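Presented below is the structure to which this report refers.
Residue indices begin at 1 and follow the sequence shown. All of these numbers come straight from a predicted model, not from anything done at the bench.
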Amino acid sequence: MTHTTTTRRTLLAAAAATVLALGPAACGSGGAGGTNGMDHAAAPSATATGHDMAGMSHGPDGSTSGMDGMPGTGGAAADGLAAEQGGYRLDGALSGGEYRFTVTGPDGRALTSYRPEQTKEMHFYAIRSDLSGFRHLHPVMSPDGTWTAPLADLPPGDWRMYASFVPGAGSGAGTGLVLSRTAAVPGQAVPVPLPAAAASTTADGYTVTVAGAPKAGAAGALTVTVSKDGQPVTDLQPYLETYAHLTAFHAGDQAFAHLHPEAKAAEGTGGGPTLAFHAELPKAGDWRLFLQFQTGGTLHTAALTLNVAA
């Protein structure tokens, strides 16, 4: 073997090692710049219920929102379909009208330290497989790290349970994560067809109109306008630091996205009628949007279908 050949092989080996070292970082970083919206699912993971087929994802979620720590946009695991991410794992079971779950940290212990995100340490979502049922709760944690979400009124069918949180300890401290598993509610499930895409919907006498044409995997903007009896609504009350909370779920696989408000609510003043949201939906197709807003101390939930182009 000549000296030139040996040198060439040494250089090629070094280059290959460099590519391998950089591979996971290319799938998703833990910083605020993860905006590619790509899904890098690998082998299916086992679940507590036996129904979850979500793949493992590389690296923690990188939020692009100006409101620190918010999960749900950017990064490789932004769709929320993994039960494990960045060393954190969700385990839970549905029984007796409650979903009891824990988040295990990189050290193998139940996580008990969380950073508040939009005033809450845990945002819990339950969505039926046909997107006809929706719950957004803020469960209570026991000292041992077990969370309990009351779900006594869920209609029969297959559901996915999401835990959205910001760890206060461990290697992912300060990084927003969304983990999920599936659970089955016994009984005769009657599928509900997904409503067609529409620009507006009504809830409790309020009309909610959404404007914007986001594209899959690209950052964009959605504008929401709230009216009642043909008049603009300007008395929206602060709810979770904003005047409205907006989440979206993808038809077919139930991928999750949290559409972040562009501004926080100002105490002592009413909000509306127009609200701006940062939207980054990682997949094309139909998404079911759930807008929650508060007036007169009452929380309203409006839902509509949005089609996202490729």
Side-chain angles (χ1 to χ4, degrees), residues 65 67 70 72-73 117-120 123-128 130-138 149-155 159 162 164 192-214 220-251 254 256-281 285-308:
S65 169
M67 300 179 73
M70 280 189 176
T73 63
E117 177 250 312
Q118 285 193 266
T119 75
K120 303 296 181 180
H123 292 263
F124 176 85
Y125 303 89
I127 189 76
R128 198 166 182 251
D130 58 8
L131 308 187
S132 64
F134 168 79
R135 301 290 187 277
H136 174 198
L137 305 172
H138 307 112
L151 296 171
D153 58 345
L154 292 186
W159 289 73
Y162 305 78
S164 175
V192 178
L194 183 72
S200 65
T201 187
T202 58
D204 302 332
Y206 292 87
T207 299
V208 173
T209 302
V210 176
L222 285 179
T223 300
V224 175
T225 304
V226 183
S227 62
K228 187 174 185 180
D229 299 327
Q231 300 299 315
V233 171
T234 58
D235 62 346
L236 298 179
Q237 296 175 323
Y239 173 64
L240 303 175
E241 293 186 326
T242 70
Y243 288 119
H245 185 274
L246 184 60
T247 46
F249 299 86
H250 187 251
Q254 299 166 277
F256 170 94
H258 180 189
L259 284 68
H260 305 298
E262 295 289 354
K264 292 184 178 181
E267 291 294 336
T269 61
T274 301
L275 307 170
F277 291 86
H278 173 93
E280 190 172 342
L281 301 170
D286 287 333
W287 289 78
R288 192 68 172 162
L289 272 57
F290 294 90
L291 181 84
Q292 296 179 284
F293 59 96
Q294 185 170 282
T295 60
T298 299
L299 183 64
H300 312 282
T301 301
L304 60 77
T305 304
L306 176 73
N307 186 263
V308 175

*asked:* side chain to side chain contact (heavy atoms under 4.5 Å, CB included), that's the test. Do His260 and Glu280 meet it? Break it down for me.
replied: CA-CA 9 Å; His260 305 298; Glu280 190 172 342; over 6 Å; no
_side chain to side chain contact (heavy atoms under 4.5 Å, CB included) for Phe249 and Tyr125? Distances and angles first, verdict last._
CA-CA 11 Å; Phe249 299 86; Tyr125 303 89; 4.3 Å; yes
*asked:* I'd like to check the side-chain contact (heavy atoms from CB on, under 4.5 Å) partners of Ser227; sequence neighbours left out, ordered by chain and number.
replied: Thr207
*Leu236 and Leu275: side chain to side chain contact (heavy atoms under 4.5 Å, CB included), yes or no, with the steps?*
CA-CA 10 Å; Leu236 298 179; Leu275 307 170; 3.9 Å; yes
_Nearest heavy atoms of Leu222 and Gly212, plus distance in Å_ = CD2-CA, 3.9 Å
*Please list, chain by chain and in numerical order, all residues satisfying side-chain hydrogen bond (donor to acceptor under 3.5 Å, both in side chains) with Thr269, sequence neighbours excluded.*
Tyr243
*Student check: side-chain heavy atoms of Gln292 and Phe134 closer than 4.5 Å*: yes
*Closest non-hydrogen atom pair, Ala257 against Trp287*: CB-CZ3, 3.9 Å
*Is any side-chain heavy atom of Phe256 less than 4.5 Å from a side-chain heavy atom of Ile127?*
no
*Measure the spacing between CG of Leu291 and CG of Leu246 and express it to the nearest 0.5 Å.*
5.5 Å
*How many angstroms lie between atom CG of Leu240 and atom NZ of Lys264, to the nearest 0.5 angstrom?*
12.0 Å
Could you list the donor-acceptor pairs under 3.5 angstrom formed by side chains in residues 295-308, with sequence neighbours left out?
unit_1: Thr295; atom_1: OG1; unit_2: Tyr206; atom_2: OH; d: 2.8
unit_1: Thr295; atom_1: OG1; unit_2: His300; atom_2: NE2; d: 2.7
unit_1: His300; atom_1: ND1; unit_2: Asp204; atom_2: OD2; d: 2.8
unit_1: His300; atom_1: NE2; unit_2: Thr298; atom_2: O; d: 3.4
unit_1: Thr305; atom_1: OG1; unit_2: Pro195; atom_2: O; d: 2.8
unit_1: Thr305; atom_1: OG1; unit_2: Arg288; atom_2: NH1; d: 2.8
unit_1: Asn307; atom_1: ND2; unit_2: Asp286; atom_2: OD1; d: 2.9

_Euclidean distance, Leu131 CG relative to Phe290 CZ, rounded to 0.5 Å_ = 6.5 Å
_ring pair (Phe, Tyr, Trp, His ring centres under 6.0 Å) against Trp159, all qualifying residues, sequence neighbours excluded_ = none
*From CD (Gln118) to OH (Tyr239), nearest 0.5 Å*: 9.0 Å
*Partners of Phe124 by ring pair (Phe, Tyr, Trp, His ring centres under 6.0 Å), sequence neighbours excluded?*
Tyr99, Phe101
*Pairs in or reaching into residues 228-238: which pass side chain to side chain donor-acceptor pair (under 3.5 Å), with residues at least two apart or in two chains?*
Gln237-Gln294
*Determine the minimum heavy-atom distance between Ala248 and Leu259, stating which atoms define it.*
CB-CD1, 3.8 Å
*When rounded to the nearest 0.5 angstrom, what distance separates NE2 in His258 from NE2 in His278?*
11.0 Å
*Begin from the C-alpha positions of Val224 and Phe293 and carry the test side chain to side chain contact (heavy atoms under 4.5 Å, CB included) through to its verdict.*
CA-CA 11 Å; Val224 175; Phe293 59 96; over 6 Å; no
_Going by the rule side-chain hydrogen bond (donor to acceptor under 3.5 Å, both in side chains), which residues pair with His123 if we only count those two or more places apart in sequence or in a different chain?_
His136, His138
_Where Pro150 and Leu137 come nearest, the two heavy atoms and their spacing_ = O-CD1, 3.3 Å
*Considering non-hydrogen atoms only, spot the tightest contact between Gly285 and His250 and give its length.*
CA-NE2, 4.2 Å
